[in-house]
Enquirer: 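Below are the structure tokens for one structure; questions will follow.
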Amino acid sequence: QNERMIRAVNDLLEVNRIEDKDLILRPTNFSLKDLTFKIIEEYRKYAAAYNIKINMVVEGNVPRVFADEERIRRVIEHLLDNAVRYSVSGGEIMIGIELAVDYITWRVKDEGRGIPQEEQQRIFEKYFRSPSAARFQTGGSGVGLFIAQSIIKLSGGDIGFSSKESKGSIFWFTLPIKQSKYA
């Protein structure tokens, strides 16, 4: 509970920094694959409590990305947390990382409830909580995806999703490659 409260306060502070255009990024070259693997290991118990399995597939040699590692960690945590919370028990979450010319694509696919079509255009809005999501999950402040989108855009990447109600969702983001050192 303490960690959830700390995360909620940090999220609200991050929203404030984003709105004030005061979010300072400290980009470095790092392995998105290694970072993702660490986060998956940290989330295994959490996912197991929901009877969810997390798997990762990395396609080929993936170069390092150039971004703020701590902020990208927050993006991955938000996306993975959502995938776990909105998945159905016994489901599987698949994380994929692949090289696409001059950027890396990271994606998370769940077999969850999906997002109704009429709510999809608002999914990255600040404080937006889907009425259908609220029925399944009481936690959350509706800022995680807003923060994720802001961090990815400021990092020179893109973010998006596809979803079908009752079939699950795929959330993805891209990050630029600045150096070709392999992870």
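Note: hydrogens, waters and symmetry copies are ignored here, and every other heavy atom, side chains too, is used. The shown structure was predicted, so the numbers you read here are calculated from the model rather than taken from an experiment.
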Enquirer: Please tell me whether L32 and Y103 are part of a single hydrophobic cluster in this structure, the criterion being side-chain heavy atoms less than 4.5 Å apart.
Expert: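 Cluster IDs for L32 and Y103 differ.
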Enquirer: Taking it one step at a time, do L145 and L79 satisfy side chain to side chain contact (heavy atoms under 4.5 Å, CB included)?
Expert: CA-CA 8 Å; L145 292 175; L79 296 177; 3.6 Å; yes
Enquirer: Could you pull out all residues at least two apart from A49 that satisfy side chain to side chain contact (heavy atoms under 4.5 Å, CB included)?
Expert: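 Residues passing side chain to side chain contact (heavy atoms under 4.5 Å, CB included) with A49: none at all.
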Enquirer: Test of understanding: with salt bridge (charged side-chain N to carboxylate O under 4.0 Å, His left out), list the residues that count as partners of E118, not counting sequence neighbours.
Expert: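 Partners of E118 by the salt bridge (charged side-chain N to carboxylate O under 4.0 Å, His left out) criterion come out as none, since no residue qualifies.
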Enquirer: L154 and L23: side chain to side chain contact (heavy atoms under 4.5 Å, CB included), yes or no, with the steps?
Expert: CA-CA 9 Å; L154 287 170; L23 185 66; 3.5 Å; yes
Enquirer: Are I170 and I152 linked, directly or through intermediate hydrophobic residues, by side-chain heavy-atom contacts shorter than 4.5 Å (ILVMFWY only)?
Expert: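 In one cluster with I152: I170, no.
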Enquirer: Look at D34 together with K38 and state whether they make a salt bridge at an N to O cut-off of under 4.0 Å.
Expert: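 K38 and D34: not salt-bridged.
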Enquirer: Tell me, do L99 and N61 make a side-chain contact under 4.5 Å, heavy atoms counted?
Expert: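 A side-chain contact is absent here, since even the closest heavy-atom pair is not under 4.5 Å.
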Enquirer: Quick one, R122 with E125, criterion salt bridge (Lys or Arg N to Asp or Glu O under 4.0 Å). Give me CA distance, side-chain angles, the key distance, then yes/no.
Expert: CA-CA 5 Å; R122 298 190 60 207; E125 288 180 14; 2.9 Å; yes
Enquirer: Would you say that V88 contacts I52 through its side chain, given a criterion of any heavy-atom pair below 4.5 Å between the two side chains?
Expert: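 In short, these two side chains do not touch, never coming nearer than 4.5 Å.
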Enquirer: Answer yes or no: is there a side-chain heavy-atom contact under 4.5 Å between Q120 and E165?
Expert: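 No; the side chains remain at least 4.5 Å from each other.
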Enquirer: Starting from the C-alpha separation in whole Å, work towards a yes-or-no answer on side chain to side chain contact (heavy atoms under 4.5 Å, CB included) for S155 and D68.
Expert: CA-CA 8 Å; S155 300; D68 184 319; 5.6 Å; no
Enquirer: Step through the shown structure and confirm whether more than 12 heavy atoms of other residues, nucleotides or ligands are within 6.0 Å of CZ on F161.
Expert: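 Counting other residues, nucleotides and ligands, CZ of F161 exceeds 12 neighbours.
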Enquirer: Nearest 0.5 Å, please: how far is CG in N82 from NE2 in H78?
Expert: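 Between H78 NE2 and N82 CG, I get 8.5 Å after rounding to 0.5 Å.
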Enquirer: Evaluate the criterion side chain to side chain donor-acceptor pair (under 3.5 Å) for residue pair T105 and W172; output intermediate values, then yes/no.
Expert: CA-CA 7 Å; T105 300; W172 57 267; over 6 Å; no
Enquirer: Kindly determine whether D81 and Y43 satisfy side chain to side chain donor-acceptor pair (under 3.5 Å), including the steps that lead there.
Expert: CA-CA 8 Å; D81 185 67; Y43 269 73; 4.5 Å; no
Enquirer: If you take all heavy atoms of I97 and W106, which pair is closest and at what distance?
Expert: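 Closest heavy-atom pair between I97 and W106: CG1-CD1, 3.6 Å.
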Enquirer: Tell me which pairs pass salt bridge (Lys or Arg N to Asp or Glu O under 4.0 Å) where either residue lies in residues 21-30, with sequence neighbours left out.
Expert: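 Residue pairs passing salt bridge (Lys or Arg N to Asp or Glu O under 4.0 Å), neighbours aside: none found.
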Enquirer: Run the side-chain hydrogen bond (donor to acceptor under 3.5 Å, both in side chains) test against R44 and tell me which residues pass, sequence neighbours left out.
Expert: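 So R44 forms a side-chain hydrogen bond (donor to acceptor under 3.5 Å, both in side chains) with E41.
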Enquirer: Verify side chain to side chain contact (heavy atoms under 4.5 Å, CB included) between E111 and K167, making sure each step is shown before the conclusion.
Expert: CA-CA 6 Å; E111 300 170 338; K167 300 287 185 195; over 6 Å; no
Enquirer: Side-chain heavy atoms under 4.5 angstrom apart, residues restricted to Ile, Leu, Val, Met, Phe, Trp, Tyr: same cluster for M56 and F30?
Expert: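 Linked, M56 and F30 end up in one cluster.
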Enquirer: State whether E59 and K33 are salt-bridged, where the test is any N-O pair (Lys NZ or Arg NE/NH1/NH2 against Asp/Glu carboxylate O) under 4.0 Å.
Expert: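 Salt bridge absent between E59 and K33.
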Enquirer: Drop me the distance from T36's OG1 to I40's CD1, to the nearest 0.5 angstrom.
Expert: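 The OG1 atom of T36 sits 6.0 Å away from the CD1 atom of I40.
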Enquirer: Go through the structure and list residues passing side chain to side chain contact (heavy atoms under 4.5 Å, CB included) with S169, not counting sequence neighbours.
Expert: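 In terms of side chain to side chain contact (heavy atoms under 4.5 Å, CB included), with neighbours along the sequence ignored, S169 is linked to D110, I115, S163, F171.
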Enquirer: Looking at R71 and I24, would you say the former's side chain and the latter's main chain have a donor-acceptor pair under 3.5 Å?
Expert: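 It does hold such a pair.
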Enquirer: Of L175, V65, L25, which meets side-chain contact (heavy atoms from CB on, under 4.5 Å) against I72?
Expert: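 When side-chain contact (heavy atoms from CB on, under 4.5 Å) is applied between I72 and each of L175, V65, L25, only L175 qualifies.
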Enquirer: Could you list who else is in V57's hydrophobic cluster, with ILVMFWY side chains joined at under 4.5 Å, directly or through other members?
Expert: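 Direct or chained contacts put V57 with M94.
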Enquirer: Taking the side chain as every heavy atom from C-beta outward, state whether I93 and S87 have any pair of such atoms under 4.5 Å apart.
Expert: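 Yes, their side chains come closer than 4.5 Å.
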Enquirer: With sequence neighbours excluded, tell me which residues meet salt bridge (charged side-chain N to carboxylate O under 4.0 Å, His left out) with R17.
Expert: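 In terms of salt bridge (charged side-chain N to carboxylate O under 4.0 Å, His left out), with neighbours along the sequence ignored, R17 is linked to E14.
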Enquirer: Within the structure provided, determine whether D102 and I177 are in side-chain contact (heavy-atom separation under 4.5 Å).
Expert: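 Result no, sub-4.5 Å side-chain heavy-atom pair not found.
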Enquirer: So, using side chain to side chain contact (heavy atoms under 4.5 Å, CB included) as the criterion, who are the partners of K153 when residues are at least two apart?
Expert: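 So K153 forms a side chain to side chain contact (heavy atoms under 4.5 Å, CB included) with Q149, D158.
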Enquirer: State whether R74 and E77 are salt-bridged, where the test is any N-O pair (Lys NZ or Arg NE/NH1/NH2 against Asp/Glu carboxylate O) under 4.0 Å.
Expert: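 Not counted as a salt bridge, because no side-chain N and carboxylate O are separated by less than 4.0 Å.
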Enquirer: Could you tell me if the side chain of L80 sits less than 4.5 Å from the side chain of I54, heavy atoms only?
Expert: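 In short, these two side chains touch, coming nearer than 4.5 Å.
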Enquirer: Suppose we screen for side-chain hydrogen bond (donor to acceptor under 3.5 Å, both in side chains). Which residues come up paired with Q121, at least two apart in sequence or across chains?
Expert: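 So Q121 forms no side-chain hydrogen bond (donor to acceptor under 3.5 Å, both in side chains) with any residue.
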Enquirer: Which residues satisfy the salt bridge (charged side-chain N to carboxylate O under 4.0 Å, His left out) test with E70, sequence neighbours excluded?
Expert: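 Partners of E70 under the salt bridge (charged side-chain N to carboxylate O under 4.0 Å, His left out) test: none.
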Enquirer: Applying salt bridge (charged side-chain N to carboxylate O under 4.0 Å, His left out), can you list everything that pairs with E69, at least two apart in sequence or on another chain?
Expert: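 For E69 there are no salt bridge (charged side-chain N to carboxylate O under 4.0 Å, His left out) partners, ignoring immediate neighbours.
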Enquirer: List the residues meeting side-chain hydrogen bond (donor to acceptor under 3.5 Å, both in side chains) with E92, not counting sequence neighbours, and say none if there are none.
Expert: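 Once residues adjacent in sequence are excluded, the partners of E92 under the side-chain hydrogen bond (donor to acceptor under 3.5 Å, both in side chains) criterion are N55.
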